[in-house]
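As structure tokens, the structure follows; a few thoughts come after it.
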Amino acid sequence: MSSFDEADAFESASLSARAMAARPQPYLEGLNPEQRAAVLALEGPVLMLAGAGTGKTKALTARIVHLLNTGTARPNEILAVTFTNKAAREMKNRVSGMLGQTVEGMPWLGTFHAICVKLLRRHAELAGLKSNFTILDTDDQLRLVRQILDAEKVDRKKWTDRWFLLHIENYKNRAESAERVGAGNGKRADRIPGAAADGTGFQRSVGDVYIQYQTRLRELNAVDFGDLLLHVVTIFQTHEDVLKQYQRWFRYILVDEYQDTNVAQYMWLRLLAADHKNICCVGDDDQSIYGWRGAEVGNILRFEKDFPGAHVVRLEQNYRSTPHILGAASGVISGNKGRLGKELWTEAGEGEKVRLIGHWDGEEEARWIGDEVEAMQRGTRGHAPVSLDDMAILVRASHQMRAFEDRFLTIGLPYRVIGGPRFYERMEIRDAMAYFRVVTSPDDDLAFERIVNTPKRGLGDKAQQIIQVTARENGVSLVEGARLAVDAGQIKGKGGSELVKLIDGLARWSRMADAPDISHIELAEIILDESGYTGHWQNDKTPEAPGRLENLKELVKALEQFENLQGFLEHVSLIMDNESEEGGAKVSIMTLHAAKGLEFPAVFLPGWEDGLFPSQRSMDESGVKGLEEERRLAYVGITRAEELCTISFAANRRVYGQWQSSMPSRFIDELPQKHVEVLTPPGLYGGGYGAAGMAQEQPVHSSLAENAAQADGYNSPGWRRLQARASQRPMSQPKETRNTVIDLQAVSSFMIGERVFHQKFGYGAIIGIEGDKLEVAFEKAGTKKVVASFVSASDDIPF
DNA sequence: CTACAACCAGTTTTT
DNA sequence: CTGGTTGTAG
């Protein structure tokens, strides 16, 4: 059953407009003049340019409340769109808070996707779908692409499923339908490079795959996330009556984070606002950091052209950060061209300068930050103690997190990583949900495919192929196909009997789902139990297994909030977050992207090195555009800080196991000196390097020495030259490896008992030799057979 | 069909 | 380095 109730959404305005008209307006009291202007300008197009920390959400919610309170609009006449469920939730809460009552019937406050699901369910037939269509997750999408590629005999080593999916999604972000893309077949830029010459038989374009992908989706009665927008836009474009209807219904439109809209979302909004033009877009062009997934900064930059006569309000008074922090941030962002232009200011006292510190390597950086966090927690240099909850470490790329995790575990500093793999993305959760999906809708082939041999039932590629073929030949679902194949005796042995067990189980569970005397929670437990899925993890001896069982329990617990399995699945397909938080205070570690919208009294920004931040890949792939987005990311990072912002970089860093040296980020040069204090790194003055002892080996040309000497001129030419010199000189690896790699073709003789080293398994002793294969007893990894060329002799003292 | 070793690629992430 | 995928031996 869908959670969406039409009547509720459109008809039952629970708050009478007239009854509200004369109410007082306390929500206007706490607003500054600009915020107030943005709230009061209810009619016509409004662009609210809201800088970081300028009370954007406050103004936005006040605007909604004002619409309601003055009787200008009823709750169900307001379309309020956000990007994330979190933002939608917060807005809902704040509106209720301001209104002093729960918001009954604001059915159109939600994410783009959630709102589009509602719309598309109403008009599914106009998109060639049934209204109970399913929404695919990334796994399903890839499985689908893979099927198409295999059918087309595409060499998947050369062009991966991900590559195709990426392109398809890019098309969808730009609202380009398969028909349209396919029509340009062969002439367009989407032609697969080198395909014709490859001899794989696949000589066509991404457009062809896109077309087939859409065809399959329709056959499956399914959509992906991109489709939710694209289908609705297409319906609006081709059915004027439908569009008109919604233009009348949604009398007032509000959009949060407008700088993150993609072309499809932009078109969707323009269509809906075309008639009355009561659209209020809120955003900050300086915080557009999602270009790589289709966001178009151009949308916000063009607003006044799109909506002539638009009322533009700038929120520039910042309530979050100190002047030094704002000064540093605006210094950096001023390097970008084509901004709408904003200057943040604050009434806050001067505060501390942004601190800048360079380190010898990434480990020292982590060590220093760990110490600093502890010191701040204790309260140092006249500062009051800072709670760990109030500190955050914001990195450019998630692999930077490991250094901090390692260090914090060593010193026992509690931390939390935000934005890791989310609950519903974990393998065991997806498996379990795939079971639920097949039980609730037996036609869900993708889900069936996922679980048919999970846990292992002896149904490998061959058996699965038979099922596929049988299903296709008879035009039935995979479950049905499996039944037919078994009946025809095509799947024999253990696999056959296991398959029968599975099919019978599915049928039985489906019946239970309809039975009134079994709760869906019991049903879920029965499914997981009888399918053998729980047992599979109980028998698993790997260290993750207990955690996975724990997660499954949590999943079952989460079911309690829903009436039935369908309701749960519907919810999960749209809401994929899970932030259960317990325990004491912790430092947060997260990416800069994940930090957008958050704020912390103390922020650390490590890894400001050219190539890492700004990311080389961004610059290579998107040139100046890429660099500008990176710069906005820097701006976002700095403006997360309320009181103390510490930027750091390391001269050397281990990347994919290799040591690499780099120059300080070009963004460091862009920090205005008057807002920055350069700290002296600890390493030079004893102690810092500990056992590594490389301070002696690499004394003078260390960038740190220069850093200390040039405390006031870190961006001087001298500093630059020195950095360039340091990076040209290959740094010797700080931690010496003591095993020597020996060319085995040259040496070719191994002896039993000899000590060797293997990349993956570590150290071990040879206990057997067969031709070019060695049997090695590894110290940590046990006894393995390895090819001789993969081990090297170790000159460690044999034990 | 499964298990294990070899190979390979490797930002950012929401819905 | 590391995790995910592919290829091959049992």
Side-chain angles (χ1 to χ4, degrees), chain A residues 81-88 110-117 135-138 141-142 146 156-157 160-163 169 172-173 223-229 257 260 262 264-265 289-295 394-403 406 418-422 424-425 427 453 456-464 493-495 498 572-577 590-597 607 611-622 626 629-630 632-633 636-637 654-659 758-762 773 776 781-782 784-787 789-791:
Chain A
V81 216
T82 64
F83 273 84
T84 63
N85 291 297
K86 199 174 146 203
T111 64
F112 276 103
H113 296 271
I115 289 168
C116 281
V117 171
I135 303 164
L136 302 191
D137 61 23
T138 311
Q141 290 179 277
L142 284 171
R146 229 171 283 144
R156 282 209 278 115
K157 260 174 253 146
T160 61
D161 41 10
R162 281 176 188 286
W163 187 84
E169 291 194 322
K172 292 190 177 180
N173 286 337
V223 299
D224 63 20
F225 281 112
D227 280 343
L228 292 173
L229 262 298
E257 307 280 16
D260 287 336
N262 64 29
Q265 289 156 341
I289 55 175
Y290 285 109
W292 50 272
R293 66 177 197 213
L394 312 182
V395 298
R396 174 64 183 83
S398 47
H399 64 76
Q400 290 173 262
M401 293 180 184
R402 182 167 296 134
D406 285 350
I418 296 192
R422 273 169 299 282
Y424 291 116
E425 283 169 18
M427 189 209 312
N453 200 31
K456 300 267 183 271
R457 296 192 172 87
L459 297 161
D461 288 346
K462 219 176 117 201
Q464 289 187 40
K494 184 166 170 284
E498 286 288 317
V572 167
S573 62
L574 285 171
I575 294 157
M576 300 276 275
D577 59 358
M590 70 189 93
T591 63
L592 288 162
H593 284 92
K596 196 170 99 168
L612 181 57
F613 187 44
S615 135
Q616 194 59 49
R617 197 155 158 179
S618 265
M619 295 187 291
D620 291 347
E621 279 172 13
S622 315
E629 184 153 313
E630 296 285 307
R632 292 192 287 267
L633 213 38
V636 167
R654 206 162 26 185
V655 182
Y656 304 137
Q658 303 272 55
W659 283 93
H758 184 283
Q759 275 290 326
K760 192 164 184 170
F761 304 126
K773 292 205 187 70
V776 181
K784 307 263 180 210
K785 282 189 181 142
V786 290
V787 178
S789 57
F790 274 86
V791 299

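A note on names: the letters A, B, ... follow the listed sequences, proteins ahead of strands, and every chain is numbered from 1. The structure displayed is predicted, hence computed values, not measured ones.
Looking at every heavy atom in both residues, T84(A) comes nearest to T82(A) through O-OG1, 3.1 Å.
Looking at N262(A), L229(A), D224(A), L228(A) one by one, the single match for side-chain contact (heavy atoms from CB on, under 4.5 Å) with K172(A) turns out to be D224(A).
When distances are taken from the side chain of T84(A) to each of dC1(B), dT15(B), dT2(C), the shortest belongs to dT15(B). Minimum atom distance to the side chain of H593(A) is reached by dT13(B), of the listed dT13(B), dC1(B), dT15(B).
K86(A) has its NZ atom 10 Å from the P atom of dT15(B), to the nearest Å. Atom-to-atom, CD of E498(A) to C1' of dT2(B) comes out at 15 Å; the value is rounded to the nearest Å. Rounding to whole angstrom units, CZ of residue R146(A) and C1' of dT5(C) are separated by 10 Å. Atom CG in L459(A) sits about 8 Å away from atom P in dC1(B), given to the nearest Å. Here the P atom of nucleotide dT14(B) and the CG atom of L228(A) are 17 Å apart, to the nearest Å. With rounding to whole Å, I418(A) atom CD1 is found 16 Å from dT12(B) atom C1'. For D260(A) and dT13(B), the CG to C1' distance is 11 Å, given to the nearest whole Å. Following rounding to the nearest Å, R654(A) (CZ) and dC1(C) (P) show an atom-to-atom distance of 7 Å.
Under the ring pair (Phe, Tyr, Trp, His ring centres under 6.0 Å) criterion, H113(A) pairs with F225(A), not counting sequence neighbours. R162(A) pairs by the salt bridge (charged side-chain N to carboxylate O under 4.0 Å, His left out) definition with nothing, not counting sequence neighbours. Residues satisfying the salt bridge (charged side-chain N to carboxylate O under 4.0 Å, His left out) test with E629(A), not counting sequence neighbours, are R632(A). Listed by chain and number, the residues in a ring pair (Phe, Tyr, Trp, His ring centres under 6.0 Å) with F83(A) are F112(A) (sequence neighbours excluded). In this structure E169(A) satisfies the salt bridge (charged side-chain N to carboxylate O under 4.0 Å, His left out) test with no other residue, sequence neighbours excluded.
When each of E629(A) and K456(A) is assigned the nucleotide of DNA chain B bearing its nearest heavy atom, the one mapping closer to the 5' terminus is K456(A).
Distances shown here put a side-chain N or O of N85(A) below 4.0 Å from the OP1 or OP2 atom of dT15(B).
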Which atom pairs link the protein and nucleotides 8-11 of chain B when you take only N or O atoms and keep those under 3.5 Å?
residue	atom	partner	partner atom	Å
dT11(B)	OP1	Y656(A)	OH	3.0

